[in-house]
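A short write-up of the structure that comes next.
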Amino acid sequence: MKLFKGDWKGHEISVENSTSTEKVYLDGKLVAESKPGIRMSSEFLFDLPETDEKCFVVISGAGGSFTAGVCYCIIGTPLETEYDSKTKTYSAEFGGHKVEAVNKMTSVLLVDGEEVDREPKGLHFIGLRGSKADENGKRFLALFNGSAGAGLKVKCDVFGGAEIVRMRLYDKKGDEFVLNEKYDKHIKFSFEE
């Protein structure tokens with residue numbers, strides 16, 4: 001079993017990744033769980049208590065895969081998108097801005113027609129594109145997930161007024177969990193540089 005943990009405004013969000021299910025906990029309380037079975041990724045969307053915020057958690061490499069996988073946690077407003085199959089673009093509006101997430105050989109995020117983030121070179125089955133944070137620490141985010149789509153279509157979730165919760169991987173060693181420092185150094189976001 002693997003454990004991913006992150007903190008948001010004094011709340012702990014943790015995800016257990018085992019061979020049978022994925023479980024999401026908020027401050028130690030179970031808030032979401034996948035059904036048992038084989039899958040490439042699991043997604044969870046739930047309300048954060050006492051706020052207007054929603055939390056979206058995606059774990060790729062779910063179902064106890066042999067790879068470490070990745071776990072993304074986004075807090076913000078999920079946007080309703082329109083998909084244009086000719087341009088492979090997911091479009092949405094939020095706060096007077098037009099947001100476009102394009103997946104043509106590489107993933108790109110545009111805000112008001114201006115490119116704000118592009119996928120680094122290499123083959124990626126899951127990737128997070130984002131804008132720079134505004135004065136309140138909020139940004140636009142687009143999560144492209146090739147392991148969640150039907151067939152070869154990549155699934156894309158777009159968020160406005162969003163924050164990222166850094167999820168750190170802990171591996172089980174005996175009776176305790178130990179931080180996987182290699183994973184910790186590997187997870188970087190180009191839009192934060």
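Fair warning: this is a prediction, and the values are worked out from it, not measured in the lab.
- Side-chain contact between W8 and L48 is present, with heavy atoms from C-beta onward closer than 4.5 Å.
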List the steps and the verdict of side-chain contact (heavy atoms from CB on, under 4.5 Å) for K23 and E33. CA-CA 4 Å; K23 295 179 181 178; E33 180 177 7; 3.2 Å; yes
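- When only modelled atom types and interatomic distance are considered, E22 and S34 share a side-chain donor-acceptor pair under 3.5 Å.
- For D112, the CG atom sits in a packed shell: over 12 heavy atoms of surrounding residues, nucleotides or ligands are nearer than 6.0 Å.
- In this structure the side chain of M1 never reaches within 4.5 angstrom of the side chain of N17, judged on heavy atoms.
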Worked verdict on V111 versus K98 for side-chain contact (heavy atoms from CB on, under 4.5 Å): CA-CA 6 Å; V111 177; K98 182 174 183 179; over 6 Å; no
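- At a threshold of 4.5 Å between non-hydrogen side-chain atoms, the residues V102 and S107 do not count as touching.
- A heavy-atom distance below 4.5 Å is found between the side chains of F4 and I59.
- The shortest distance between side-chain heavy atoms of L128 and I74 falls below 4.5 Å.
- At a threshold of 4.0 Å, the pair K9-E50 does not count as salt-bridged, since none of the basic side-chain nitrogens sits closer than that to a carboxylate oxygen.
- Comment: K155 engages E43 in a salt bridge, judged by a side-chain N to carboxylate O separation of less than 4.0 angstrom.
- E115 has a carboxylate O that lies under 4.0 Å from a charged side-chain N of R118, or vice versa, which qualifies the two as a salt bridge.
- One side chain, T106 or E119, offers a donor N or O that lies under 3.5 Å from an acceptor on the other.
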With side-chain contact (heavy atoms from CB on, under 4.5 Å) as the criterion, how do F46 and V57 come out once you've worked through the C-alpha distance, each side chain's angles and the decisive distance to 0.1 Å? CA-CA 9 Å; F46 55 93; V57 173; 4.2 Å; yes
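- Within a 6.0 Å sphere centred on NZ of K138, other residues, nucleotides and ligands contribute more than 12 heavy atoms.
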